[in-house]
Amino acid sequence: MKRFYETVTVENLMGDTGFAITLDGRQIKTPAKSVMASPTLNLAEAIATEWRSQGDNINPKAMPLNQLLNTSIDRVSSEFENIVDELVRYGGSDMLCYRADHPDDLVKRQGEAWDPYVDWMEITLEAPMKVTSGIIHVQQSETTLEKLRSHIGKYTIFSLTTLHALTTGLGSLGLGLAYIEGFRGFEAIWQDARVDERYQVEQWGEDADAKKITANLYEDLKHAVAFLQLAKG
């Protein structure tokens, strides 16, 4: 799409409705035709900067914060319970709970990286997780899954948007919750999520295509993390 606007501004919608981004004085609408209202001035200004940075042609992929806000307003708000259910299903087969049974070095690395999260979920979230090794499936208790569902169900649409991105990107609800709840910072969580990948690279070398995919995922998740930080103020 060709750029069709000259000026980008932020408009205070007053009350509790937030801040709108305007193009030549017209409020931006989401794909579902809702006003694209940011909960905070900081997020609105960051999204306005994305629009100002566009060249002669508009590239939506170069506006990740804009896309995340659209997702929050259009999808997460209308499908909130379904998304919570999806995330709880991730918890039912969380990566943190499935460990290698060999070699010993990998077993040790997984334990050192992942045990603190499992312990934190039990103590802080009151959601004890069963851990297994090999390919044997382990059924998490209904009590644990209900604790997770109840906890996630209290999130804002903005927190749920970021949690969904982290959980699906890392393959672990526990890791996503650890970030949202402030147990660990994103960089530490990212490194802990890559234990298996780093081990495979050490054994077999790095694959260029896999490296590119990992780099793209890292950038996507960094945007999701920045989105939540800005949405909180």
Side-chain angles (χ1 to χ4, degrees), residues 83-152 155 159-226 228:
I83 294 171
V84 170
D85 288 342
E86 178 187 350
L87 293 173
V88 172
R89 286 194 293 273
Y90 266 89
S93 56
D94 201 291
M95 176 186 75
L96 298 175
C97 299
Y98 289 86
R99 312 291 179 85
D101 51 17
H102 67 280
D104 291 344
D105 184 32
L106 179 57
V107 172
K108 180 181 179 183
R109 293 189 196 187
Q110 288 178 338
E112 291 174 346
W114 298 347
D115 283 352
Y117 295 96
V118 175
D119 293 342
W120 170 78
M121 292 178 74
E122 179 173 4
I123 295 169
T124 304
L125 304 183
E126 298 180 330
M129 304 291 286
K130 299 174 185 175
V131 176
T132 188
S133 60
I135 59 174
I136 300 173
H137 174 70
V138 59
Q139 182 69 39
Q140 302 297 337
S141 74
E142 284 302 316
T143 300
T144 287
L145 297 180
E146 284 304 316
K147 282 285 187 181
L148 293 173
R149 179 177 284 105
S150 176
H151 193 80
I152 299 167
Y155 281 179
S159 293
L160 194 64
T161 297
T162 295
L163 179 61
H164 186 272
L166 290 171
T167 299
T168 56
L170 301 176
S172 168
L173 175 61
L175 292 178
L177 286 169
Y179 175 76
I180 301 293
E181 295 297 321
F183 176 61
R184 287 200 176 157
F186 172 72
E187 295 298 337
I189 290 170
W190 172 259
Q191 292 302 322
D192 289 336
R194 316 315 299 176
V195 170
D196 288 358
E197 181 180 319
R198 287 199 303 274
Y199 183 82
Q200 294 300 322
V201 169
E202 289 174 12
Q203 303 306 307
W204 310 107
E206 196 161 47
D207 177 85
D209 290 337
K211 182 179 180 180
K212 183 177 181 180
I213 291 171
T214 298
N216 289 338
L217 174 61
Y218 175 80
E219 290 302 318
D220 288 344
L221 297 186
K222 284 286 288 184
H223 292 312
V225 166
L228 183 56

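Predicted model, so just to flag it, every value in this text is computed and none were measured.
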Between D94 and M129, is the side-chain contact (heavy atoms from CB on, under 4.5 Å) condition met? List the steps. CA-CA 9 Å; D94 201 291; M129 304 291 286; 4.1 Å; yes
Provide the closest heavy-atom pair for [X] versus [Y] in the form atom of the first, atom of the second, distance.
| X | Y | answer |
| --- | --- | --- |
| E126 | K147 | OE1-NZ, 2.9 Å |
| M95 | W114 | O-CZ3, 3.6 Å |
| L125 | L148 | CD1-CD2, 4.4 Å |
| T144 | P128 | OG1-O, 2.7 Å |
| A224 | T162 | O-OG1, 2.9 Å |
| A178 | I189 | C-CD1, 3.9 Å |

If only atom types and distance count, is the side chain of Q110 paired as donor or acceptor with the main-chain N or O of V195 below 3.5 Å? no
Any donor-acceptor pair under 3.5 Å linking the side chain of T214 with the backbone of A210? yes
What's the separation between atom [atom1] in [X] and atom [atom2] in [Y], rounded to the nearest 0.5 Å?
| X | Y | atom1 | atom2 | answer |
| --- | --- | --- | --- | --- |
| S133 | H102 | OG | NE2 | 10.5 Å |
| L166 | D220 | CG | CG | 11.0 Å |
| I213 | K211 | CD1 | NZ | 13.5 Å |
| L175 | Y117 | CG | OH | 5.5 Å |
| R198 | D192 | CZ | CG | 7.5 Å |
| Y179 | L221 | OH | CG | 11.0 Å |

With side chains defined as the heavy atoms from C-beta onward, is the minimum distance between [X] and [Y] less than 4.5 Å?
| X | Y | result |
| --- | --- | --- |
| T161 | Y155 | no |
| L170 | W190 | yes |
| R99 | D115 | yes |

Can you name the residues that form a side-chain contact (heavy atoms from CB on, under 4.5 Å) with V201, not counting sequence neighbours? E206
Given the options I180, T167, L160, I152 meets side chain to side chain contact (heavy atoms under 4.5 Å, CB included) only with L160
Could you give me the CA-CA distance, side-chain angles and deciding distance for D104 and K108, then say whether salt bridge (Lys or Arg N to Asp or Glu O under 4.0 Å) is met? CA-CA 6 Å; D104 291 344; K108 180 181 179 183; over 6 Å; no
Under the side-chain contact (heavy atoms from CB on, under 4.5 Å) rule, what do T132 and C97 come out as? Steps first, then yes or no, please. CA-CA 6 Å; T132 188; C97 299; 5.8 Å; no
Kindly determine whether M121 and L173 satisfy side-chain contact (heavy atoms from CB on, under 4.5 Å), including the steps that lead there. CA-CA 10 Å; M121 292 178 74; L173 175 61; 5.6 Å; no
Between R149 and D85, does a salt bridge (Lys or Arg N to Asp or Glu O under 4.0 Å) hold up when you go through it step by step? CA-CA 7 Å; R149 179 177 284 105; D85 288 342; 3.2 Å; yes
Tell me if the NE2 atom of H137 is crowded by more than 12 foreign heavy atoms within 6.0 Å. yes
Using distance alone, with no hydrogens and no angle criterion, decide if T124 and E181 have a side-chain donor and acceptor under 3.5 Å apart. no
Could you give me the CA-CA distance, side-chain angles and deciding distance for L177 and L163, then say whether side-chain contact (heavy atoms from CB on, under 4.5 Å) is met? CA-CA 7 Å; L177 286 169; L163 179 61; 4.1 Å; yes
Considering residues at least two apart in sequence or located in another chain, which fulfil the salt bridge (Lys or Arg N to Asp or Glu O under 4.0 Å) criterion with E219? none
